Amino acid sequence: MNILKNIKLSEERPGVLQVYKTDQLNLFAIALCKGQMLKKHHTNVPTLLTMLKGRIEFEIQGKTYEFGEFDIYEIPVTVEHEVRGVEDENIFTLTQER
């Protein structure tokens with residue numbers, strides 16, 4: 001599977017693509033257009049964010065981080081955060097332990 005060819009970018013809502021899922025692991029990709037957001041939320045399981053294309057602003061605990069292509073960030077469990085697309089096409093994966 002090629003993530004970039006299979007994920008859908010849409011102004012209406014973030015694109016989500018299930019890439020791989022087992023009893024132990026869940027891997028999916030997210031696509032955001034420029035300015036598009038994943039509003040404040042949190043994860044209940046360990047999650048690793050890996051940027052594939054573009055740049056995002058990641059706001060957590062009052063700080064804003066900018067991640068670009070091939071950056072990796074471990075998202076803390078149960079800590080509220082939000083994500084905003086910076087470039088026209090922003091694609092990242094989330095790998096979650098189950």
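Residue numbers run from 1 in the order of the sequence given. Everything numeric here is computed off the predicted structure, so don't read it as measured data.
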For [Y], is there any backbone N or O sitting under 3.5 Å from a side-chain donor or acceptor partner on [X]?
X: E69; Y: G54; value: yes
X: N6; Y: I3; value: no
X: T47; Y: V45; value: yes
X: N90; Y: R55; value: yes

Shared ILVMFWY cluster between [X] and [Y], side chains joined below 4.5 angstrom?
X: L49; Y: L32; result: yes
X: L38; Y: V79; result: yes
X: M1; Y: F28; result: no
X: F58; Y: L48; result: no
X: L94; Y: Y65; result: yes

Cationic N near anionic O, under 4.0 Å, K39 to E82: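 Looking at K39 and E82, the cut-off is not met.
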
Salt-bridge present (E89, K53; N to O < 4.0 Å):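 Yes, charged N to carboxylate O under 4.0 Å.
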
What distance do [X] atom [atom1] and [Y] atom [atom2] have between them, rounded to the nearest 0.5 Å?
X: E11; Y: K34; atom1: CD; atom2: NZ; result: 11.0 Å
X: I7; Y: L52; atom1: CD1; atom2: CG; result: 8.5 Å
X: R13; Y: C33; atom1: CZ; atom2: SG; result: 12.0 Å
X: E57; Y: E66; atom1: CD; atom2: CD; result: 5.5 Å
X: I72; Y: M51; atom1: CD1; atom2: CE; result: 11.5 Å
X: K40; Y: H42; atom1: NZ; atom2: NE2; result: 13.5 Å

Side chains of [X] and [Y] in contact at under 4.5 Å (non-hydrogen atoms):
X: R98; Y: Q24; value: no
X: I60; Y: Y73; value: yes
X: T43; Y: T78; value: no
X: D71; Y: F92; value: no

Neighbour count >12 (heavy atoms, 6.0 Å) for atom CG, D23: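 No, not enclosed.
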
Ring centers of H41, H81 separated by less than 6.0 Å: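 Yes, the ring of H41 comes within the 6.0 Å limit of the ring of H81, centre to centre.
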
Distance-minimising heavy-atom pair for L9 and A31: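 Where L9 meets A31 most closely, the heavy atoms are CD2-CB, 3.7 Å.
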
Least distance between heavy atoms, M37 atom then P14 atom: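 Distance-wise, the nearest heavy atoms are O-CG, 4.0 Å.
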
Check: N26/Q18 side-chain N/O donor and acceptor closer than 3.5 Å: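 Note: N26 and Q18 side chains meet the donor-acceptor criterion.
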
Criterion side chain to side chain contact (heavy atoms under 4.5 Å, CB included) on I91 and I30, from CA distance to verdict: CA-CA 6 Å; I91 301 172; I30 305 289; over 6 Å; no

